[in-house]
Amino acid sequence: MTAMVKEDRVCKNYGALQVLKGVSLEIDRGQVLCLVGPSGSGKSTFLRCINHLEVVNAGRLYVDGELVGYEERGGKLYELHPRAAARQRRDIGMVFQHFNLFPHRTALENIIEAPTQVKRVPKKDAVARARDLLDQVGLSAKADAYPAQLSGGQQQRVAIARALAMDPKLMLFDEPTSALDPELVGEVLTVMQNLAKEGMTMVVVTHEMGFAREVADELVFMDGGVVVESGNPRELLANPQHDRTKLFLSNLL
């Protein structure tokens, strides 16, 4: 069976700064992989490379067996036209740290925007699906609320519903709880936990070690643009093998 995500020696530079130094990983269908590590370790950049929000400088990255952001002709790689890259991105949901909702649109309007505009889903169908998703994230009563009328946790749950409205085969979460007040973190993690139970393939950059321990199938510790250590979350958290991982976790746990 084809892995949902396969990264083969992925490198990313910003000028002379090497942010990713040949990262190789595989994520199976239905797997939840959590990425942890200090700031600047390359986690978010790595996540953004998966849906070609960042262009890789070397290596290859596949989602569901398809090369991301490039096509290969005669052994050479050619970057896809932005429209073709956007088509690939439609199948990959992304939830950011700071929600990124349209402030002038209600929760419902935020959710139906992409399905109606990008996928040309009839508005009636998009609205019905959006109401189902709002119910799924516990916000059916907030369909007509604007982002400014919602708490941070509620905004993030709308952002998750918006990503799910495109029926993605893969969900990427970039520190989805780090901008939230501590008491609101749980409501977002519960929604993510339910997604995992339903078999959604997820890659999550997080500092929530409890979530990683309970929900992730694999935990990956990154530092300095490389994978330092990876494995079963409970085992890795209880008994890290690498000194750098031990130091990081001792400051966190």
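No experiment lies behind these values; they were computed from the predicted model shown.
Side-chain contact between L189 and V185 is present, with heavy atoms from C-beta onward closer than 4.5 Å. Looking only at side-chain heavy atoms (C-beta outward), V5 and E26 stay at 4.5 Å or farther from each other. Put simply, the side chain of Q31 reaches to within 4.5 Å of the side chain of E218, judged on heavy atoms. A heavy-atom distance below 4.5 Å is found between the side chains of R60 and E72. Using a 4.5 Å cut-off on side-chain heavy atoms (C-beta onward), R89 and L53 make contact. Looking at heavy atoms from C-beta onward, T206 lies out of side-chain contact with L35 at the 4.5 angstrom threshold. Taking 4.5 Å as the limit, some side-chain heavy atom of M166 sits within range of a side-chain heavy atom of V118. Side-chain contact between V204 and M192 is present, with at least one heavy-atom pair separated by less than 4.5 Å.
Judged as a side-chain hydrogen bond (donor to acceptor under 3.5 Å, both in side chains), the pairs with a partner in residues 162-174 (not counting sequence neighbours) are, in order, S44-D174, D64-K169, R129-D167. Residue pairs meeting the ring pair (Phe, Tyr, Trp, His ring centres under 6.0 Å) criterion with at least one partner in residues 18-54, sequence neighbours excluded, are H52-Y70.
Remark: K76 is not positioned above the aromatic ring of Y78, lacking an NZ or CZ atom under 6.0 angstrom from the ring centre and at most 45 degrees off the axis.
The pair D223-R244 meets the salt-bridge criterion, since a charged nitrogen lies less than 4.0 angstrom from a carboxylate oxygen.
Between the side chains of E229 and T245, at least one donor-acceptor pair of N or O atoms lies under 3.5 Å.
Side-chain N or O atoms of N51 include none that pairs as donor or acceptor with a backbone N or O of I92 at under 3.5 Å.
In plain terms, the two heavy atoms of Q155 and L150 that are nearest each other are NE2-O, 3.4 Å. Contact detail for V10 and L20: the closest heavy-atom pair is O-CB, 3.8 Å.
Distance check: K12 NZ to C49 SG gives 6.5 Å after rounding to the nearest 0.5 Å.
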